[in-house]
Undergrad: 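Okay, here's the structure, questions in a sec.
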Amino acid sequence: MKVLIVGGGGREHAMAWKAAQSARVEQVFVAPGNAGTSAEPGVKNVDIGAEEIDALVALSVDKRIDLTVVGPEAPLVGGIVDEFRQRGLRCFGPSREAAQLEGSKKFSKDFMARHDIPTAAYRSFDSVPDAERYINAVGAPLVVKADGLAAGKGVLIAREERDALEAVRQCLESNRFGSAGSTVVIEEFLVGEEASFICMVDGSNILPLASSQDHKARDDGDRGPNTGGMGAYSPAPVVTDALHADIIARVIRPTVLGMAEDGISYTGFLYAGLMIADDGAVKVLEYNCRCGDPETQPILMRMRSDLVELCEHGVSGRLDEVEVEWDPRVALGVVMAAGGYPGDYDKGHEIYGLDRAASAHVKTFHAGTQIKDGKIVTSGGRVLCVTALGGTVGDAREAAYRAVSSIKWKDAFYRSDIGHRALYREDL
Ligand code: AMP
Ligand code: GLY
């Protein structure tokens, strides 16, 4: 069969790499892909952007694609699954309506409130004076979130009331995020340890993937500005078996049932970003209607089952018939980014040492790379995710960093402490 992966980041490289290993698959297309996917056996890049939904539909008809899997949120929120379904094309992901769980913070918070799913206390506003009254009444610290998609930049943690008010003004008055910021959600600041819980959902059945954790802050010690993720590992030791059961019972199942009750059946990957308090209480920080990036890279390194077969079961409502088999080892991925990211950064620097980094237990997934004049050059903020398997967190981390140290380009940077929480738990 022929499979199409929509997107061009590290997550999509991992999906394409994994899909190409399926015995059922003769060809994987990636739109638009990157330098990494173009070099992958059995994978072919197609020069169509992830948000060009009409062109992707046309490609699927033309190439007789049997199954499409969508990586990023923007096409999902834009309705790509509805467009594919209307033409009888199989596409694993949520409909436009269901993708609002990620596409609108207000929608997701109201949904959680309605269905008793634990989350931070909140209110939403579209006028500054009302928001100001609320901020002064509840006091800082607070978290201010633009309602719509803001490429990971729409969340501000305000230590002081005046910072919260400034963030509200940026959204509602200065239109900093355009229409994505015409409503804001203001919520309680939560403390604890974050974990990513990603499942496959087919409308009613839930198939959890292995647990994972990412590092959102740019700098060591989880400091500095928020990014899309500077590294990730799987499993996340904070998610014990008891907690896993609790997350399914209190968060994932009520989410899937709640959506069905509201008449919006949810199919696709469902990602709950969780905050786990010291006493083990779980609250949902956010939903994503897709797999995480970079969490997918270590998760798929560990997946022994056939991803394509799982997605086929997902689109046909048969996830109850399958189980996922995991490599018991730890996988840990270190993101190598362009200097300046998540702010402005250069593009076009040649990347050296990729061959030296490769080994049986190390896979370098590309994100912001392209081929120019026969050379692999940087083309984005997050450039690579160097992912390694190891018997322990320490082993996986050592192998990943050994590979990282052999890759070079001008102004490359990365965190040197990916996995520190898991390592700490391992040493206990
Ligand atoms: P979100 O896009 O809603 O997940 O927010 C991005 C990041 O902001 C999260 O991964 C957390 O690190 C942080 N964050 C979001 N909401 C809260 C909250 N209520 N309390 C503390 N941190 C938060
Ligand atoms: N790594 C966080 C995300 O994919 O949203």
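These numbers come from the heavy atoms of this one structure, side chains and all, not from hydrogens, waters or symmetry mates. All figures in this text were calculated on a predicted structure; none of them were measured in a lab. Read the numbers this way: they start at 1 and go in the same order the structure lists the ligands and their atoms.
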Undergrad: Does a side-chain heavy-atom distance below 4.5 Å link E102 with E286?
TA: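 Not touching, per the 4.5 Å side-chain cut-off.
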Undergrad: Under 3.5 Å between any N/O of E286 and any N/O of ligand 2: does that happen in this structure?
TA: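 Between E286 and ligand 2, no N or O pair is found under 3.5 Å apart.
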Undergrad: Atoms of ligand 1 less than 4.0 Å from E187 heavy atoms?
TA: 16 (N), 17 (C), 18 (C), 19 (N)
Undergrad: State if G292 counts as touching ligand 2 under the rule of any non-hydrogen atom under 4.0 Å.
TA: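 G292: in contact with ligand 2 (<4.0 Å).
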Undergrad: Distance to 0.1 Å, residue and atom name: give those for the protein heavy atom nearest to atom 4 (O) of ligand 1.
TA: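 Among all protein heavy atoms, the one nearest atom 4 (O) of ligand 1 is E286 CD, 2.7 Å.
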Undergrad: With a cut-off of 4.0 Å, which atoms of ligand 2 are near a heavy atom of N288?
TA: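 By the 4.0 Å cutoff, the relevant atoms are 5 (O).
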Undergrad: Looking at ligand 2, would R11 count as a contact under a 4.0 Å heavy-atom criterion?
TA: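 R11: no contact with ligand 2 (<4.0 Å).
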Undergrad: Taking only heavy atoms of E295, which atoms of ligand 2 are found under 4.0 Å from at least one of them?
TA: 1 (N), 2 (C), 4 (O)
Undergrad: Kindly write out the residues that satisfy side-chain contact (heavy atoms from CB on, under 4.5 Å) with V138, not counting sequence neighbours, or none if the list is empty.
TA: Y134, L142
Undergrad: Determine, stepwise, if the pair D126 / T183 fulfils side-chain hydrogen bond (donor to acceptor under 3.5 Å, both in side chains).
TA: CA-CA 5 Å; D126 45 27; T183 298; 4.7 Å; no
Undergrad: Number the atoms of ligand 1 from 1 as they appear, then name those within less than 4.0 Å of a heavy atom of F189, with their elements.
TA: 20 (N), 21 (C)
Undergrad: How far is atom 5 (O) of ligand 2 from its nearest protein heavy atom, and which residue and atom name does that atom have?
TA: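 For this ligand atom, the closest protein heavy atom is R290 NH2, 2.9 Å.
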Undergrad: Quick one: does K105 get a heavy atom under 4.0 Å from ligand 1?
TA: yes
Undergrad: Considering the heavy atoms of I157, write down every atom of ligand 1 situated less than 4.0 Å from one of them.
TA: 13 (C), 22 (N)
Undergrad: Under 4.0 Å from a heavy atom of N226: which atoms of ligand 1 are those, numbered in the order shown and with their elements?
TA: 7 (C), 8 (O)
Undergrad: Ion pair present between R162 and E166, side-chain N to carboxylate O less than 4.0 angstrom?
TA: no
Undergrad: Taking the inter-plane angle between the rings of H13 and H366 on a 0 to 90° scale, is it parallel (under 30°), tilted (30 to 60°) or perpendicular (over 60°)?
TA: perpendicular
Undergrad: Side chains of V324 and W326, heavy atoms from C-beta outward: is any pair under 4.5 Å?
TA: yes
Undergrad: Is there a polar contact between ligand 2 and G228, counting only N or O atoms under 3.5 Å apart?
TA: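 Yes.
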Undergrad: Run the numbers for me: atoms of ligand 1, each under 4.0 Å from some heavy atom of L190, listed by number.
TA: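 Matching atoms, with element in brackets: 18 (C), 19 (N), 20 (N), 21 (C).
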Undergrad: Which ligand 1 atoms are under 4.0 Å away from a heavy-atom of K216?
TA: 10 (O)
Undergrad: Does some side-chain heavy atom of V322 sit less than 4.5 Å from a side-chain heavy atom of L310?
TA: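 L310 vs V322: side chains touch.
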Undergrad: Considering heavy atoms of the protein only, find what lies nearest to atom 1 (N) of ligand 2 and give residue, atom and distance to 0.1 Å.
TA: D214 OD2, 2.6 Å
Undergrad: Taking the minimum heavy-atom distance to atom 17 (C) of ligand 1, which of V144, I186, L285 ranks first?
TA: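 Selected option, by shortest heavy-atom distance: L285.
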Undergrad: For ligand 1, which atoms have a heavy atom of K145 less than 4.0 angstrom away?
TA: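 Near K145, the atoms of ligand 1 are 3 (O), 15 (C), 16 (N).
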Undergrad: If you define the side chain from C-beta out and look only at heavy atoms, does anything of R290 sit under 4.5 Å from L76?
TA: yes
Undergrad: For K18, I'd like to know if atom NZ has over 12 heavy atoms of other residues, nucleotides or ligands within 6.0 Å.
TA: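 Yes, the 6.0 Å shell around NZ holds more than 12 heavy atoms from other groups.
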Undergrad: Fit a plane to each ring of H215 and Y233, take the angle between them on a 0 to 90° scale, and name the class: parallel (under 30°), tilted (30 to 60°) or perpendicular (over 60°).
TA: tilted
Undergrad: Mind checking ring-ring contact (aromatic ring centres under 6.0 Å, His included) for Y345 and listing every partner two or more places apart, or none if nothing turns up?
TA: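 ring-ring contact (aromatic ring centres under 6.0 Å, His included) check on Y345 returns nothing, list empty.
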Undergrad: Can you say whether the rings of H115 and F111 are parallel (under 30°), tilted (30 to 60°) or perpendicular (over 60°)?
TA: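 Aromatic pair H115/F111 classed tilted.
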Undergrad: Just to be sure I read this right, does ligand 2 sit under 4.0 Å from the backbone of E73, its side chain, both, or neither, counting only heavy atoms?
TA: neither
Undergrad: Closer than 4.0 Å to some heavy atom of Y271 - which atoms of ligand 2 meet that?
TA: 2 (C), 3 (C)
Undergrad: If the cut-off is 4.0 Å to any non-hydrogen atom of E194, which atoms of ligand 1 fall inside it?
TA: 9 (C), 10 (O), 11 (C), 12 (O)
